[in-house]
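Shown next, in structure tokens, is the structure this report addresses.
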Amino acid sequence: MTEIILHHYDLSPFSEKIRLALGFKGLPWKSVKVDAVPPRPMLDALTGGYRRVPVLQIGADVYCDSEVIFRALERLQPAPTLYPSGEGVAKALSHWWDRATWKPAIGILVDYIGEHLPEAFLKDRKESYLGYDISKDAMAPMLPAYVQQMTAFAEWLDSMLAENGDYLTGGKLSAADLTCHHSLWLLRANCGAEAIDAQLRLSPAVTAWMGRIAAVGHGQFSDMTPEEALAAARAAEPADSFAADADPTGLNPGARVTVTPNDNARVAVEGRLVAADAQEIVIARDSAETGTVHVHFPRAGFEVLAAAATARSAA
Ligand SMILES: N[C@@H](CCC(=O)N[C@@H](CS)C(=O)NCC(=O)O)C(=O)O
């Protein structure tokens, strides 16, 4: 099997979801560490400039965003499934959690450790990623509101566990568990579990569930250099593993399109449309460093437009 390569950094909670998913599926993987602050020229060569982490690479196929990475892993190895209660509930829960908790979680995080974050990190997050200032001083006035949001959401997790048993969507772990774990993991790991459990009123059921998710582990992995990852892309042909029915907006294969996240880090990646359905879009890109790669994105949370239309709307 072609190697599974994860481009990530340790403190990235969205990467933690994927490390756990690889452990859960028992898939061995290669770890390529990227800097927490761009530039990341070798990763850009693979993705066409998508500016977030994690990115998963399997040969000449590159998957941007944790949702489509889950989908790729599920295709590669269906069992054990990440969707034991169906895809809809797990994906909807994940989409809500990722978007609703990210700003509150960062606000609480910087209250504990904000003074240790380098200036370059804060500048990058404001100017190129989130669009707002995440320094401790800037976020402090809203701290009570962030705690209120996280406390409300944590009670919903408790209610799901009371209803469903060991995991959020039922008796078996799903993608929703790996997602809802991630921002609490970030806070407990960096601010102290005891302090966070008390501040966010995490119930014993929620903390026991956190323990069950952490126990999944990251599976078997070893380091790889970014140069080796680029060589792996060059040596491979993109796979035809994605059987697309059709793009819901009538974009045709071969069309030049841009794909842009609709929440933050709004960098457009341009390429030739290869395949699309309601859940996933694949574009082809060519470069000397990588050869031809297929770059995959989810549809939910991303805007796909004809490249000419993007140019017009930017003008
Ligand atoms: N929707 C994306 C969100 C990814 C995301 O925001 N990742 C953070 C790190 S946890 C990031 O990219 N931060 C800015 C950066 O590292 O450049 C996903 O699910 O993968």
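Hydrogens, waters and symmetry mates play no part in the numbers below; they use all other heavy atoms, side chains included. All ligand and atom numbering here is 1-based and tracks the order in the structure.
Side-chain contact check for Tyr167 versus Pro84: every heavy-atom pair is 4.5 Å or farther apart.
Arg266 CZ: more than 12 foreign heavy atoms inside a 6.0 Å radius. For Glu237, the CD atom sits in a loose shell: 12 or fewer heavy atoms of surrounding residues, nucleotides or ligands are nearer than 6.0 Å.
Remark: the Ser183 side chain and the Trp102 side chain contain no N/O donor-acceptor pair separated by less than 3.5 Å. When only modelled atom types and interatomic distance are considered, His182 and Asp98 share a side-chain donor-acceptor pair under 3.5 Å. With no hydrogens or angles considered, a side-chain donor-acceptor pair links Asp247 and Thr249 at under 3.5 Å.
Near Pro13, the atoms of ligand 1 lying under 4.0 angstrom from a non-hydrogen atom of the residue are 10 (S). In summary, the atoms of ligand 1 found under 4.0 Å from a heavy atom of Pro54, numbered by their order in the structure, are 20 (O). For ligand 1, the atoms closer than 4.0 angstrom to any heavy atom of Tyr9 are 9 (C), 13 (N), 15 (C), 16 (O). Remark: ligand 1 atoms within the under-4.0 Å shell around heavy atoms of Ser12 are 9 (C), 10 (S).
Between Arg234 and Glu289 no salt bridge is recorded (no basic side-chain N to carboxylate O distance below 4.0 Å). A salt bridge links Arg19 with Glu16; the closest basic N to acidic carboxylate O contact falls under 4.0 Å.
Ligand 1 has an N or O atom lying under 3.5 Å from an N or O atom of Arg51, backbone or side chain. Not one N or O of Glu67 is nearer than 3.5 Å to an N or O of ligand 1, by distance alone. Inclusion of Lys17 in the set of residues having an N or O under 3.5 Å from an N or O of ligand 1 is not warranted.
Atom 12 (O) of ligand 1 has its closest protein heavy atom at Val53 N, 3.0 Å. Here the protein heavy atom with the shortest distance to atom 13 (N) of ligand 1 is Tyr129 CZ, 3.3 Å. At the shortest separation from atom 20 (O) of ligand 1 among protein heavy atoms lies Ser66 N, 2.9 Å.
Between atom CG of residue Leu20 and atom CH2 of residue Trp185 there is a gap of 8.5 Å, rounded to the nearest 0.5 Å.
Only the side chain of Arg40 comes within 4.0 Å of ligand 1, judged by heavy-atom distances. Within the 4.0 Å heavy-atom criterion, both parts of Phe14, backbone and side chain, lie near ligand 1.
Across Asp65, Leu56, Ile18, heavy-atom proximity to atom 2 (C) of ligand 1 is greatest for Asp65.
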